[in-house]
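Have a look at the structure below, then the notes.
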Amino acid sequence: MVSVAKHPSRPYRPSLPSLLLSPPVTRSACGLCRPSCDAASEEPTLSSDSHAGLARFNAAPADTVEHALLACCGNRRWARRLTDHRPYPTVDALLAAADEASYDLSLADLAGALADETSADPHHGAPLAARTALRAAHAAYESSFGHAFVISLDHYRPEERLNQVLTRIRERLAHDPDEERAVAADELRRLARSRVARLVDQPHQPDHPDGHLAGRQPEPPAPRVSQESNDYGRPDSPSVAV
């Protein structure tokens, strides 16, 4: 199997089933649209809920876990690998496993996962000029590379994200396809890692309407948004597609 090489220097949007019994999470390729943390650090801060969430993650039915993970990265082999390697002793071990599974995606797996991401619009309160510029930048990127622009914005504050997305799209449009594939693969890995961290960091909600542990089958994952904090100022996941 052809694997995407590890980057030497760098470490959407479906509803998650409530296996982890967490609120629905949407994915976007850049983090402008997902619930995200406003901290400037790249790593999400894990709360005490993450330990209970990890226990539920380890104990939940395999199909429920796999479905939840497909909301973090749209590749079934990736999701099944993380599911099959349970139980994880710590959240750090789970996140390290998510990284390794991302590094080991084949070119075909990567292409499918990127195709599963969707671009997200900025918050409706953003200036019209900014929304127009972002849509045009997304269109240019998708025309050049055939998939949504993916970027993790966890380490940027909400007010910095729109400018960062526009700047990075312009920079990455200059890449050749192989160079951009490597960059997009690493950003997708970061997004998936952040999504998994949030998956196990949500409080237990036994009455959540999506609860699969009550016997319901999970709904198919919805398309992921490729930028995780894609609302440019609204709380959203730290990694979404713009």
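These values consider heavy atoms only, across backbone and side chains, with no hydrogens, waters or symmetry-generated copies.
Between the S143 side chain and the A139 main chain, no donor and acceptor come within less than 3.5 Å of each other. Although no hydrogens or angles enter the test, the distance criterion places a donor-acceptor pair under 3.5 Å between the side chain of R86 and the main chain of A60.
Atom-to-atom distance recorded for L105:CG and R81:CZ is 8.5 Å, nearest 0.5 angstrom. In this structure, L69 CG and L94 CG are separated by 7.5 Å, a value rounded to the nearest 0.5 Å. Here the NE2-CG distance, from H51 to D201, works out to 9.0 Å after rounding to the nearest 0.5 Å. Atoms OH and CD, on Y141 and E180 in that order, are 3.5 Å from each other to the nearest 0.5 Å.
No side-chain heavy atom of L153 sits under 4.5 Å from any side-chain heavy atom of R168. With contacts defined as side-chain heavy-atom distances shorter than 4.5 Å, the pair E187/R172 qualifies. Contact annotation: the side chain of S144 approaches that of L173 to within less than 4.5 Å [non-hydrogen atoms, C-beta and beyond]. The shortest distance between side-chain heavy atoms of V165 and Y156 does not fall below 4.5 Å. Residues S194 and R190 form no side-chain contact, since every pair of their non-hydrogen atoms from C-beta on lies 4.5 Å or further apart. Between L128 and R131 there is a side-chain heavy-atom pair separated by less than 4.5 Å.
Using cut-offs of 30° and 60° on the angle between ring planes, the pair F57 and Y88 is tilted.
Looking at R189 and D186, a side-chain N of the basic residue comes within less than 4.0 Å of a carboxylate O on the acidic one, giving a salt bridge.
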